[in-house]
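Source: prediction; values computed, not measured. Order of appearance sets the numbers: ligands from 1, and atoms from 1 within every ligand.
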Amino acid sequence: MMEPSLAGKRVVVTGAGKGIGRATAKALLACGAEVIAVTRTQSDLDSLVQESPKIMTICVDLANWEATENALKDIGPVDLLVNNAAIGIVGPFLEVSQEAFDQLFNVNVKALFHVSQIIAKGMKCHGAGGAIVNVSSQASQRALKDHTVYCATKSAADMLTKVMALELGPHKIRVNAVNPTVVMTAMGQMAWSDPIKSAGMLSRIPLGRFAEIEDVVNAIIFLLSDKSAMINGAILPVDGGFLAS
Ligand code: NAP
């Protein structure tokens with residue numbers, strides 16, 4: 001595929017240590033962007049830099065408000081942001097603990113909000129516009145068994161996307177979400193490796209397969225690039241048709 005050129009763009013990717021975020025960071029580098037990978041496990045950043053020496057790294061737990069503020073305050077001008085970091089904790093509604101509830105909302109919602117606020121303030125001051133992509137999920141719009149709080153965090157991510165699009169649009173900052181179906185990353189395996197569960201989900205996906213990491217990365221790159229210059233506040237399923245049914 002012909003990659004859109006992102007030469008000269010500085011991009012921040014959160015949760016870039018593993019899975020979709022790691023692949024996104026590498027793909028953005030291949031598009032010519034200057035990539036800053038943010039995650040909380042240093043060994044993941046070390047191996048990423050070994051594979052792609054041009055990638056810059058920041059190690060921080062985004063659930064920690066002050067640490068995030070400190071880690072990102074001197075980041076300099078940023079053109080593009082991918083809010084990808086999130087966690088999944090599954091279990092029956094009646095058994096969800098306060099701790100699990102708080103962890104999920106702290107990472108999946110509060111950190112997404114906070115990182116966006118810091119980076120968007122910088123984008124506004126810089127005056128060159130920008131684009132933000134939030135990695136949400138099909139779980140934002142369908143009830144999935146044992147995913148109570150995860151589903152709620154992704155619904156919140158969708159609405160943050162829309163309100164950010166509304167308020168940041170006048171500063172020429174576009175904000176969109178991608179909403180993948182299951183992807184067999186570490187997170188996907190945690191929730192969907194049981195063949196009976198995964199067969200039930202697969203039967204609801206018209207294309208009959210889960211998403212590959214590349215399917216999600218392609219959608220993210222499209223929404224970051226000028227190819228989507230008039231798309232703002234969109235919630236883009238990458239789900240083989242799951243949400244259409
Ligand atoms: P993953 O393989 O678990 O990777 C998530 C990355 O985010 C890891 O590098 C993780 O670091 C990092 N991260 C988590 N919490 C963090 C924190 N507090 N501070 C900094 N970094 C943090 O997950 P994935 O499957 O690639 O998921 C990426 C995104 O896609 C998430 O938003 C997820 O909700 C969404 N999504 C995934 C699926 C799926 O089936 N996989 C489907 C729909 C949507 P550590 O490993 O060090 O914690």
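- The closest donor-acceptor contact from the side chain of D239 to the backbone of T181 lies at 3.5 Å or more, if one exists at all.
- The backbone N or O of I36 lies less than 3.5 Å from no partner atom in the side chain of R10, so there is not a single donor-acceptor pair.
- Summary of contacts: the protein heavy atom closest to atom 43 (C) of ligand 1 is P180 O, 3.4 Å.
- In terms of protein heavy-atom proximity, atom 44 (C) of ligand 1 is nearest to S136 O, 3.1 Å.
- The same ILVMFWY cluster, assembled from side-chain heavy atoms under 4.5 Å apart, contains both L72 and M164.
- At a threshold of 4.5 Å between non-hydrogen side-chain atoms, the residues M56 and E34 count as touching.
- Using a 4.0 Å cut-off between heavy atoms, V60 contacts ligand 1 through its backbone alone, with no side-chain atom that close.
- When all heavy atoms of V107 and A63 are compared, the pair lying nearest together is CG2-CB, 4.0 Å.
- The closest approach between any non-hydrogen atom of M184 and ligand 1 is not below 4.0 Å.
- Checked by atom type and distance alone, the side chain of S136 never pairs as donor or acceptor with a backbone atom of A157 at under 3.5 Å.
- At least one N or O atom of Y150 sits closer than 3.5 Å to an N or O atom of ligand 1.
- The nearest non-hydrogen atom to atom 47 (O) of ligand 1, considering only T24, T41, N106, comes from T41.
- Of the polar atoms of I87, none of the N or O atoms is found under 3.5 Å from an N or O of ligand 1, judged by distance alone.
- Close contacts between ligand 1 and G17 involve ligand atoms 9 (O) [criterion: under 4.0 Å to a heavy atom].
- Using a 4.0 Å cut-off between heavy atoms, V135 contacts ligand 1 through both its backbone and its side chain.
- Closest to atom 25 (O) of ligand 1, if we only count protein heavy atoms, is T185 OG1, 2.4 Å.
- Using a 4.0 Å cut-off between heavy atoms, A111 makes no contact with ligand 1 at all.
- Between L62 and ligand 1, a contact under 3.5 Å exists for at least one N or O pair.
- Under the side-chain contact (heavy atoms from CB on, under 4.5 Å) test applied with L160, the options V175, V109, N83 reduce to a single match, V109.
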Could you go through the salt bridge (charged side-chain N to carboxylate O under 4.0 Å, His left out) check for R22 and E51 one step at a time? CA-CA 11 Å; R22 188 179 182 100; E51 290 165 24; 3.0 Å; yes
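- The atoms of ligand 1 that sit less than 4.0 Å from any heavy atom of A63 are 18 (N).
- Remark: ligand 1 atoms within the under-4.0 Å shell around heavy atoms of V107 are 15 (N), 18 (N).
- Of all the atoms in ligand 1, the ones that sit under 4.0 Å from a non-hydrogen atom of G188 are 40 (O), 41 (N).
- H147 places a side-chain N or O within donor-acceptor distance of the main-chain N or O of K145, the cut-off being under 3.5 Å.
- Regarding atom 40 (O) of ligand 1, its nearest protein heavy-atom neighbour is V183 N, 2.8 Å.
- Here Q138 has no heavy atoms under 4.0 Å from ligand 1, in either its backbone or its side chain.
- Side-chain contact annotation: D158 with N179, donor-acceptor N/O pair under 3.5 Å present.
- S228 and R174 share a donor-acceptor pair across their side chains, judged by distance under 3.5 Å alone.
- Residues E212 and R209 approach most closely at N-NH1, 3.7 Å, considering heavy atoms.
- Rounding to the nearest 0.5 Å gives a distance of 4.5 Å between CE of M123 and CD1 of I132.
- For the pair V183 and P180, the tightest heavy-atom approach, listed with the atom from each and the gap, is CG2-CB, 4.2 Å.
- At under 3.5 Å, not a single nitrogen or oxygen of A85, backbone or side chain, sits near a nitrogen or oxygen of ligand 1.
- Atoms of ligand 1 lying under 4.0 Å from any heavy atom of G19, numbered from 1 in the order shown and given with element: 2 (O), 26 (O).
- Residue-to-ligand polar distances keep D44 apart from ligand 1: every N/O pair is separated by 3.5 Å or more.
- Counting heavy atoms closer than 4.0 Å to ligand 1, residue W192 contributes nothing at all.
- Taking atom 26 (O) of ligand 1 as the reference point, the nearest protein heavy-atom neighbour is I20 N, 2.8 Å.
- A donor atom on one side chain and an acceptor atom on the other are not found under 3.5 Å apart for N84 and T14.
- Looking at N84, N64, N134, it is N84 that brings a heavy atom closest to atom 29 (C) of ligand 1.
- Nearest protein heavy-atom contact of atom 9 (O) of ligand 1 is K18 N, 3.2 Å.
- Per-residue contacts place G15 under 4.0 angstrom from the following atoms of ligand 1 (heavy atoms of the residue considered): 6 (C), 7 (O), 9 (O), 12 (C).
- Using bins of under 30°, 30° to 60° and over 60° for the plane-to-plane angle, the ring pair F210/W192 lands in the tilted bin.
- Looking at atom 3 (O) of ligand 1, its nearest protein heavy atom turns out to be M187 CB, 3.7 Å.
- Residue, atom and distance of the protein heavy atom nearest to atom 10 (C) of ligand 1 are T39 OG1, 3.9 Å.
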